[in-house]
Amino acid sequence: MKYPEFILAISRDILQRVHLVEGFNVVDLDSFLYAVQEGITIRQRQNLDEAKHWGESYKGNRDFAQWLNYFIVENHDGKINPYLRSRVGNGESDLQGRGSIGTGGHMDLIDVCSNIQENGERGSIIDMIASIVMNVMREFFEECTVFVNGVKFEAFEHEGTTAERMIANVYDLARFASLHFEGLIFDNSDNVGRLHLGVALRLKLKEGVTIGNREDALDFIPAVPVAELETAYPHVTFENWSKLFAGHLKQSWTLSRDILNDYASN
């Protein structure tokens, strides 16, 4: 039996309050989260993906935007780590075989954290910063192998012959990298973009830390300065979100606050 997958989404009625434009949007993270907090909900992914009630030729629930953290992994020297998606068996079928500069994924129920009340108990309001950090941590260690000064960091331990359990945590990630919010990707140009809101982040690795691919569906290609992405890989077709994100990065390399460090320090 396949159990239903629950993910975080935002009501499009509430999302309209932010007045996003098509493409890459530079916004203040705290102001954005405050504006959309009441529209954040947890929904069954299959229902969001497969619904057919909006009259278009493609499937998908248009009343909600699925929250998707999309983060670049930037080396200490400023080069980014692009990769090629497998042509089969890798998430969204419309993206298979494409190049990408961003990894990450949906905010699954397992990533969602609630707020801490004054008495120290868990509240009923979703803590979006904590949830973003938890999701990026999980996605990063699931998709990337980490090396510290050439030595592999063991993020998982085996249970039996095939099962494995993640033993890495947020504090490990904070030792290896900083995490910075860059903006929002609002893109209705394809079937994937129409159903998602891209939350663009930069995971900047610390000195001596490098990565390799851990999943067969991702094939990292040599790191490159973002300004040289197109000339370095002229035969690679990059997904539209990558093009939008790269365009933003070419204009601004100023780092915002490190939300990973803020979370790990509390």
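Nothing here was measured: the structure is a model prediction, and the numbers come from that model. Only heavy atoms go into these numbers, but all of them, side chains included; no hydrogens, no water, no symmetry mates.
- Closest approach of Thr210 to Leu205, counting heavy atoms only: CA-CD1, 4.2 Å.
- Here the closest heavy-atom approach between residue Gly99 and residue Leu84 is recorded as CA-CD2, 3.9 Å.
- Side-chain contact check for Ser178 versus Leu260: every heavy-atom pair is 4.5 Å or farther apart.
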**OP:** For Ile259 and His180, run side-chain contact (heavy atoms from CB on, under 4.5 Å): C-alpha distance rounded to whole Å, both residues' side-chain angles, the deciding distance at 0.1 Å, then the answer.
**Re:** CA-CA 6 Å; Ile259 60 177; His180 311 270; over 6 Å; no

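- Stacking of Arg98 on the aromatic ring of Tyr83 is not recorded, the 6.0 Å distance cut-off and the 45° axial limit not both being met.
- Residues Thr41 and Ile10 have side chains not in contact (no heavy-atom distance under 4.5 Å, counting atoms from C-beta outward).
- In this structure, CD1 in Ile42 is found 10.5 Å from CD1 in Ile7, a value given to the nearest 0.5 Å.
- Ser242 and Ile101 get closest at one heavy-atom pair: OG-N, 2.8 Å.
- Contact annotation: the side chain of Phe238 never approaches that of Phe245 to less than 4.5 Å [non-hydrogen atoms, C-beta and beyond].
- Interatomic distance, CG of Asn81 versus OG of Ser100, reported as 11.5 Å (0.5 Å rounding).
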Subject >> Candidate pair Asp49 and Gln66, rule side-chain hydrogen bond (donor to acceptor under 3.5 Å, both in side chains), full reasoning >> reply: CA-CA 9 Å; Asp49 284 344; Gln66 299 175 34; 2.9 Å; yes

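- In this structure the side chain of Leu195 never reaches within 4.5 angstrom of the side chain of Phe64, judged on heavy atoms.
- Within 6.0 Å of the CD atom in Gln37, the count of heavy atoms belonging to other residues, nucleotides or ligands exceeds 12.
- Trp67 and Phe32 have tilted rings, their planes meeting at an angle from 30° to 60° on a 0 to 90° scale.
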**OP:** With ring-ring contact (aromatic ring centres under 6.0 Å, His included) as the test, would you mind laying out the steps for Phe147 and Phe153 before giving the verdict?
**Re:** CA-CA 6 Å; Phe147 300 90; Phe153 171 74; over 10 Å; no

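- Within a 6.0 Å radius of OH in Tyr34, other residues, nucleotides and ligands contribute 12 heavy atoms or fewer.
- Within the 4.5 Å cutoff, side-chain heavy atoms of Lys152 are placed close to those of Thr145.
- Ionic pairing of Glu5 and Arg45 is present here: one or more N-O contacts between side-chain nitrogen and carboxylate oxygen are shorter than 4.0 angstrom.
- Considering only heavy atoms from C-beta on, Glu74 stays 4.5 Å or farther from Lys79 through its side chain.
- Within the 3.5 Å criterion, the main-chain N or O of Val192 finds a donor-acceptor partner in the side chain of Asp190.
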**OP:** Quick one: do Glu139 and Met107 satisfy side-chain contact (heavy atoms from CB on, under 4.5 Å)? Show the steps, please.
**Re:** CA-CA 10 Å; Glu139 294 281 357; Met107 194 97 81; over 6 Å; no

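- The NE2 atom of His248 lies 11.5 Å from the CG atom of Leu244; values are rounded to the nearest 0.5 Å.
- With Leu197 as the partner, the side chain to side chain contact (heavy atoms under 4.5 Å, CB included) test is satisfied by one option alone out of Asp187, Leu68, Leu15: Leu15.
- For the pair Gly212 and Phe220, the tightest heavy-atom approach, listed with the atom from each and the gap, is C-CD1, 3.9 Å.
- Sorted by first then second residue, the side chain to side chain donor-acceptor pair (under 3.5 Å) pairs that include residues 9-19, not counting sequence neighbours, are Arg17-Glu38.
- Side-chain contact between Trp241 and Ser189 is absent, with no heavy atoms from C-beta onward closer than 4.5 Å.
- Under a cut-off of 6.0 angstrom, the local environment of CD in Glu50 is crowded, with over 12 non-hydrogen atoms contributed by other residues, nucleotides or ligands.
- Proximity of a side-chain donor or acceptor of Asn213 to a complementary backbone N or O of Asp219 within less than 3.5 Å is not detected.
- Minimum interatomic distance between Leu173 and Leu203 (heavy atoms only, all atoms of both residues): CD1-CD2, 4.2 Å.
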Subject >> Leu8 vs Ile126, side-chain contact (heavy atoms from CB on, under 4.5 Å): CA-CA, chis, key distance, verdict >> reply: CA-CA 10 Å; Leu8 194 134; Ile126 295 175; 4.0 Å; yes

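- Summarising the geometry, atom OG belonging to Ser114 is positioned 8.0 Å from atom CG belonging to Asp127; distances are rounded to the nearest 0.5 Å.
- At distances below 3.5 Å, at least one donor-acceptor pair connects side-chain atoms of Asp172 with backbone N or O atoms of Asn169.
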**OP:** Show your reasoning for whether side-chain hydrogen bond (donor to acceptor under 3.5 Å, both in side chains) applies to Glu239 and Tyr70.
**Re:** CA-CA 12 Å; Glu239 60 198 25; Tyr70 189 74; 2.6 Å; yes

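- Note on ring orientation: taking the six-membered ring where Trp is involved, the planes of His196 and His106 are tilted (angle from 30° to 60°).
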**OP:** Could you go through the side-chain hydrogen bond (donor to acceptor under 3.5 Å, both in side chains) check for Asn188 and Glu22 one step at a time?
**Re:** CA-CA 7 Å; Asn188 292 302; Glu22 187 80 9; 3.2 Å; yes

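- Side-chain atoms of Phe6 and Arg43, non-hydrogen and from C-beta on, never get closer than 4.5 Å to each other.
- Between Glu164 and Arg214 there is a salt bridge, since at least one side-chain N of the basic residue sits less than 4.0 Å from a carboxylate O of the acidic one.
- When all heavy atoms are compared, the tightest approach of Tyr263 to Ala130 is CE1-CB, 3.4 Å.
- Taken from CD1 in Ile129 to CG in Asp262, the straight-line distance is 8.5 Å, to the nearest 0.5 Å.
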Subject >> Candidate pair Leu184 and Phe24, rule side-chain contact (heavy atoms from CB on, under 4.5 Å), full reasoning >> reply: CA-CA 6 Å; Leu184 302 170; Phe24 198 97; over 6 Å; no

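- Side-chain atoms of Ser252 do not come within 3.5 Å of backbone N or O of Leu249 as any donor-acceptor pair.
- His76 contributes no side-chain N or O that, together with a main-chain N or O of Lys206, makes up a donor-acceptor pair within less than 3.5 Å.
- The side-chain hydrogen bond (donor to acceptor under 3.5 Å, both in side chains) check on Asp111 picks up Asn135, Arg138, with sequence neighbours excluded.
- To the nearest 0.5 angstrom, Ile80 atom CD1 is 10.0 Å from Arg202 atom CZ.
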